[in-house]
Asks: 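Let me begin by handing over the structure; questions about it come next.
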Amino acid sequence: MMAAIPPTTSCGADREAITDAPNPVGLDGIEFIEYATAKPQALGQVLENMGFKLVARHRSREVLLYRQGAINIIVNAHASGTTLGDKPVINAIALRVRDAAAAYRRALDRGAWSVPARVEVMELNIPAVHGVGTSRIYFVDRHKVFSIYDVDFTPIPGVDQHPPATAGLHFFGVVQYIGNDRTEDWTEFYRELFGFTDLPPEQRFGILPKGRILRSPCPASSRFYIQLIEPEASVLDVDDDEGLHRIGLGSADVLATVAALSRQGVEFVESASVHTDVRGALTKTLQGGVSFEIVHNVQESAA
């Protein structure tokens with residue numbers, strides 16, 4: 001059965017030139033992760049403590065671009081007919097792909113639900129499908145010499161547009177909370193649409209071992225992971241609470257990264273069950289729901 005937004009699935013012929021290879025859509029990492037919030041300045045302070053710099057503003061919307069190294073975080077405070085809450089939520093993830101239009105059509109053929117575009121003057125039309133909860137998955141193929149930010153954003157004068165990453169931080173992945181007995185549904189979703197595979201238990205990362213980890217088919221230099229976590233067995237069904245929960249950032253030296261971030265005011269969870277060590281660390285939750293997981297990961301250079 002083909003994957004779609006679980007639990008609904010549908011079959012469809014793959015009419016594109018993209019084949020069922022190990023990396024069927026030419027996935028090449030995460031372009032950006034987007035938060036939605038009614039308090040962008042408060043979230044911005046959290047991001048700045050994490051080493052991000054505000055580098056650009058959207059040309060026509062209340063949307064900000066924060067960056068460090070190759071990590072792009074967008075803060076969206078543009079309501080556009082929806083009610084934004086004070087608590088920031090991860091409402092979108094943009095995936096770098098070989099051909100955005102082909103990847104989008106292939107996803108629809110395999111049962112994904114399209115997201116209608118609301119493109120204004122002088123804006124790019126970035127194709128997207130529905131992800132977990134109310135989130136979106138964007139497909140981006142402009143991420144090298146000419147990027148999506150060159151069209152939609154205005155750089156802040158005098159600000160370095162490519163600030164270095166704190167202690168070599170890079171995108172490692174995202175943690176997704178799912179409902180009871182939904183692991184197989186979501187595994188199928190990411191496998192069929194993008195070619196994700198299960199990470200063997202003996203290869204697990206970090207300090208939070210719950211759930212299932214899915215490995216993207218990206219090259220080693222841009223590989224990322226999705227961790228699916230169901231509720232504890234004693235918790236009643238929480239399907240309505242499915243969503244992207246936190247961002248994972250990779251670090252070649254977790255202890256050095258934690259020390260650098262601590263000097264910038266970031267606090268980490270230190271308890272009997274979760275504490276900083278060479279494998280990883282977890283920041284304390286701020287703004288009602290924002291946390292970052294630091295994971296030991298040596299990112300290989302692009303060939």
Asks: Quick one: does Arg59's side chain get under 4.5 Å of Asp152's, heavy atoms only?
Replies: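 Arg59 vs Asp152: side chains apart.
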Asks: Show, in sequence, the C-alpha distance, side-chain angles and deciding distance for Ser222 and Arg96, and conclude whether the side-chain hydrogen bond (donor to acceptor under 3.5 Å, both in side chains) test is met.
Replies: CA-CA 10 Å; Ser222 59; Arg96 293 179 175 179; over 6 Å; no
Asks: Please check if atom CZ in Arg57 has more than 12 non-hydrogen atoms from other residues, nucleotides or ligands closer than 6.0 Å.
Replies: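 No, because the 6.0 Å sphere around CZ of Arg57 holds 12 heavy atoms or fewer from other groups.
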Asks: Using only heavy-atom distances, determine whether the side chains of Gln176 and Tyr190 contain a donor-acceptor pair under 3.5 Å.
Replies: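 On atom types as modelled, these side chains qualify, holding a pair under 3.5 Å.
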Asks: Within this structure, what is the CD1-CD1 distance for the pair Ile178 and Ile229, rounded to the nearest 0.5 Å?
Replies: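 It comes to 9.0 Å.
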Asks: Find the distance between CD (Gln68) and CG (Asp160) and round it off to the nearest 0.5 Å.
Replies: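 Spacing of CD (Gln68) from CG (Asp160) equals 12.0 Å.
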Asks: Please determine whether a side-chain nitrogen of the Lys or Arg among Glu34 and Arg136 lies less than 4.0 Å from a carboxylate oxygen of the Asp or Glu.
Replies: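 Salt bridge between Glu34 and Arg136, a charged N being under 4.0 Å from a carboxylate O: no.
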Asks: Tell me the closest heavy-atom pair linking Ala167 and Ser251, and the distance in Å.
Replies: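 Shortest heavy-atom contact: O-OG, 4.4 Å.
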Asks: Is a donor from one side chain sitting under 3.5 angstrom from an acceptor on the other, for Asn297 and His170?
Replies: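 Yes, side-chain donor-acceptor contact under 3.5 Å.
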Asks: For the residue pair Thr134 and Asn91, establish whether any side-chain heavy-atom pair is separated by less than 4.5 Å.
Replies: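 With C-beta onward as the side chain, the pair stays apart.
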Asks: With side chains defined as the heavy atoms from C-beta onward, is the minimum distance between Tyr66 and Leu54 less than 4.5 Å?
Replies: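 They are in contact (side-chain heavy atoms under 4.5 Å apart), so the answer is yes.
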Asks: How far does CD of Glu267 sit from OG of Ser291, to the nearest 0.5 angstrom?
Replies: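 Rounded to the nearest 0.5 Å, the CD-OG separation comes to 13.5 Å.
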Asks: Check whether any side-chain heavy atom of Arg212 sits under 4.5 Å from a side-chain heavy atom of Glu184, and report yes or no.
Replies: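 Result yes, sub-4.5 Å side-chain heavy-atom pair found.
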Asks: For the atom pair CD1 (Ile74) and CD1 (Ile33), what is the distance rounded to the nearest 0.5 Å?
Replies: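 These two atoms lie 10.5 Å from each other.
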Asks: Please report the shortest heavy-atom distance between Asp99 and Ala102, naming the atom on each side.
Replies: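 Heavy-atom minimum between the residues: OD1-N, 3.0 Å.
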Asks: Looking at Arg110 and Glu188, is there a salt bridge between them, counting it only when a charged N and a carboxylate O are closer than 4.0 Å?
Replies: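 No salt bridge links Glu188 with Arg110.
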Asks: Does the plane of the ring in Phe194 sit parallel, tilted or perpendicular to the ring in Phe189? Use 30° and 60° as the thresholds.
Replies: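 Perpendicular: the ring planes of Phe194 and Phe189 meet at over 60°.
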Asks: Quick one: closest heavy-atom pair of Ala103 and Val97, and the distance?
Replies: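 So the two residues come closest at CB-CG2, 4.1 Å.
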Asks: At their closest point, which heavy atom of Trp113 faces which heavy atom of Gly111, and how far apart are they?
Replies: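 The answer is CD1-O, 3.5 Å.
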Asks: Taking all non-hydrogen atoms of both residues into account, name the closest pair between Gln264 and Met50 and its distance.
Replies: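 Taking Gln264 first and Met50 second, the nearest heavy atoms are NE2-C, 4.0 Å.
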Asks: I need the minimum non-hydrogen distance between Thr276 and Ala281, along with the two atoms involved.
Replies: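 Taking Thr276 first and Ala281 second, the nearest heavy atoms are OG1-CB, 3.5 Å.
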Asks: Rounded to the nearest 0.5 Å, how far apart are CZ of Phe292 and CG of Leu282?
Replies: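 Going from CZ on Phe292 over to CG on Leu282, the span is 11.0 Å.
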Asks: Under 4.5 Å between any side-chain heavy atoms of Asp28 and Pro219, yes or no?
Replies: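 With C-beta onward as the side chain, the pair touches.
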Asks: Any chance you could measure Gln161, atom CD, to Tyr149, atom OH, to the nearest 0.5 Å?
Replies: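 Gln161 atom CD to Tyr149 atom OH measures 11.5 Å (nearest 0.5 Å).
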Asks: Hey, quick one: are Val140 and Ile247 part of the same hydrophobic cluster, counting side-chain heavy atoms closer than 4.5 Å, chains of contacts allowed?
Replies: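 Yes.
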Asks: Transitively linked via ILVMFWY side-chain contacts under 4.5 Å: Val295 with Leu255?
Replies: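 No; Leu255 is not reachable from Val295 via cluster members.
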Asks: So do Thr37 and Gln287 actually touch side chain to side chain, heavy atoms under 4.5 Å?
Replies: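 Of all side-chain heavy-atom pairs linking Thr37 with Gln287, none is under 4.5 Å.
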Asks: Following the transitive rule for hydrophobic clusters with a side-chain heavy-atom cut-off under 4.5 Å over Ile, Leu, Val, Met, Phe, Trp and Tyr, establish whether Val290 and Leu65 coincide in one cluster.
Replies: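 Linked, Val290 and Leu65 end up in one cluster.
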Asks: Just say parallel, tilted or perpendicular for the rings of His58 and Phe153, cut-offs at 30° and 60°.
Replies: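 Ring orientation of His58 relative to Phe153: perpendicular.
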Asks: In the structure I gave you, are the side-chain heavy atoms of Arg98 and Val25 within less than 4.5 Å of one another anywhere?
Replies: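 They are not in side-chain contact.
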Asks: Would you say Ile137 and Leu193 are hydrophobically clustered, going by side-chain heavy atoms of ILVMFWY under 4.5 Å?
Replies: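 Same cluster: Ile137 reaches Leu193 through Ile, Leu, Val, Met, Phe, Trp or Tyr contacts under 4.5 Å.
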Asks: Do Glu31 and Asn72 come within less than 4.5 Å of each other through their side chains, counting heavy atoms only?
Replies: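 Of all side-chain heavy-atom pairs linking Asn72 with Glu31, at least one is under 4.5 Å.
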Asks: Apart from Val89 itself, which Ile, Leu, Val, Met, Phe, Trp or Tyr residues share its cluster (side-chain heavy atoms under 4.5 Å, direct or through members)?
Replies: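 Val89 clusters with nothing; isolated.
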Asks: Before you tell me yes or no, could you show the steps for Val115 and His130 under side-chain contact (heavy atoms from CB on, under 4.5 Å), namely the whole-Å CA-CA distance, both residues' side-chain angles and the distance that decides it to 0.1 Å?
Replies: CA-CA 6 Å; Val115 175; His130 283 280; 3.8 Å; yes
Asks: Identify whether Leu208 and Leu249 are in the same connected component of the hydrophobic contact network (ILVMFWY, side-chain heavy atoms under 4.5 Å).
Replies: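 Cluster IDs for Leu208 and Leu249 differ.
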